[in-house]
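Report on the following structure.
Quick note: numbers below take in every heavy atom, side chains included, and nothing from hydrogens, waters or symmetry partners. Because the structure is predicted, anything quoted here is derived from the model rather than measured. Labels below follow one simple rule: chain letters A, B, ... track the order of the sequence lines, proteins then strands, and each chain is numbered from 1.
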Amino acid sequence: KQEVTQIPAALSVPEGENLVLNCSFTDSAIYNLQWFRQDPGKGLTSLLLIQSSQREQTSGRLNASLDKSSGRSTLYIAASQPGDSATYLCAVSPGDYKLSFGAGTTVTVRA
Amino acid sequence: DAGVTQSPTHLIKTRGQQVTLRCSPKSGHDTVSWYQQALGQGPQFIFQYYEEEERQRGNFPDRFSGHQFPNYSSELNVNALLLGDSALYLCASSFVDQPQHFGDGTRLSIL
């Protein structure tokens, strides 16, 4: 059974600091990995999707890396802003249609 | 272009009752997945519907059932509600093996 762990559970940083969020998974036989953002009481917004054959993906200030063999992914957010405050979730898919999620990292960016 | 829409947004029920949640997929999507997200946890996969059939199921009891209609919309039914069923229920839609798009969810509270 795939287990996804996200560390830390919560993070508070001053505006402008870079954010580093970690995700680890126990079964390296994944099809892809996604990072999502969730605002309080809301649904999930996909930020980045990395296919198993890729090492990283970038979108604006966001960069996600994937090391499938070691079962790890890292999401970097450069020059954080108060609007980046949210919960960030990592999810892996083995290619059998379902996503397995971590519990998330709750980020607070202080102005 | 409307995204994934879910109704109702909030619902309060008592133990033992039954509930039906509804989901309309994003235009062009033919697959619907349901997830349960308890407070402070990541979403857990309930099941997925494709061509009006349940394609895959997570580790949830038979009290949880679903349906997909010819227009691809879907319902999630939960019978004999327990306090532990209190959660945010998320619907996600997709086309073939493309990334899933999530709705804002239905917040279900059991008294």
Side-chain angles (χ1 to χ4, degrees), chain A residues 1-11 21-27 30-54 57 59 64 73 75 86-107, chain B residues 2-11 21 23-26 29-51 53-60 68 87-109:
Chain A
K1 180 190 171 193
Q2 179 72 268
E3 299 287 343
V4 181
T5 303
Q6 291 188 245
I7 295 173
L11 189 58
L21 309 180
N22 297 299
C23 171
S24 62
F25 46 95
T26 55
D27 186 349
I30 64 169
Y31 183 68
N32 59 45
L33 181 146
Q34 275 185 272
W35 283 94
F36 291 89
R37 170 183 171 138
Q38 186 173 33
D39 293 297
K42 296 294 187 180
L44 308 181
T45 301
S46 181
L47 298 174
L48 291 168
L49 181 146
I50 311 175
Q51 299 292 353
S52 62
S53 59
Q54 298 176 315
Q57 276 285 353
S59 176
S73 177
L75 177 66
T87 296
Y88 292 83
L89 293 154
C90 163
V92 297
S93 171
D96 64 348
Y97 317 118
K98 71 180 183 184
L99 295 175
S100 296
F101 284 86
T105 295
T106 299
V107 171
Chain B
V4 179
T5 58
Q6 294 186 240
S7 64
T9 54
H10 295 88
L11 203 50
L21 311 182
C23 173
S24 293
K26 181 179 170 67
H29 287 184
D30 59 0
T31 303
V32 173
S33 302
W34 287 93
Y35 293 82
Q36 179 195 65
Q37 186 177 23
L39 200 62
Q41 301 297 316
Q44 298 291 317
F45 175 76
I46 302 175
F47 42 52
Q48 184 180 84
Y49 277 83
Y50 173 69
E51 292 188 342
E53 296 286 334
E54 183 182 290
R55 178 154 68 174
Q56 191 173 17
R57 188 179 185 90
N59 188 26
F60 279 81
Q68 185 179 37
L88 179 68
Y89 288 84
L90 294 164
C91 171
S93 72
S94 58
F95 175 72
V96 192
D97 61 350
Q98 296 302 305
Q100 297 178 21
H101 292 242
F102 283 79
D104 279 343
T106 294
R107 171 70 62 186
L108 176 63
S109 299

Can you name the closest pair of heavy atoms from [X] and [Y] and give their distance?
| X | Y | value |
| --- | --- | --- |
| A/Lys42 | B/Leu88 | O-CD2, 3.9 Å |
| B/Pro99 | A/Leu49 | CG-CD1, 3.4 Å |
| B/Arg107 | A/Gly41 | NH2-CA, 4.5 Å |
| B/Gly42 | A/Leu89 | CA-CD2, 4.2 Å |

With side chains defined as the heavy atoms from C-beta onward, is the minimum distance between B/Ser33 and A/Leu99 less than 4.5 Å?
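Not in contact.
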
Within a strict 4.5 Å, meaning less than it, do heavy atoms of the B/Gln100 and A/Gln34 side chains meet?
no

Here the gap from B/Tyr35 atom OH to A/Phe101 atom CZ, rounded to the nearest 0.5 Å, amounts to 5.5 Å

What distance do A/Lys98 atom NZ and B/Arg57 atom CZ have between them, rounded to the nearest 0.5 Å?
12.0 Å

In terms of heavy-atom pairs under 4.5 Å, which option from B/Gln41, B/Gln37, B/Gln44 contacts chain A the most?
B/Gln37

Checking B/Gln6 against chain A: side chain, backbone, both or neither under 4.5 Å from a heavy atom?
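For B/Gln6, neither part sits under 4.5 Å from chain A.
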
Chain A heavy atoms under 4.5 Å from B/Phe47: which part of the residue, side chain, backbone, both or neither?
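The answer is neither part of B/Phe47.
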
When you look at CD of B/Gln36, are more than 12 heavy atoms from neighbouring residues, nucleotides or ligands closer to it than 6.0 Å?
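Enclosed: over 12 neighbouring heavy atoms sit under 6.0 Å from CD of B/Gln36.
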
With chain B as the partner, which of A/Ala9, A/Ala91, A/Ala103 has the greatest number of non-hydrogen pairs under 4.5 Å?
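When all of A/Ala9, A/Ala91, A/Ala103 are compared, A/Ala103 has the most.
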
Examine whether an atom of A/Leu44 lies under 4.5 Å from a heavy atom of chain B, and if so say whether it belongs to the side chain, the backbone or both; otherwise answer neither.
both

Given a strict heavy-atom distance threshold of 4.5 Å, which part of A/Gln38 is in contact with chain B: side chain, backbone, both, or neither?
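Side chain only.
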
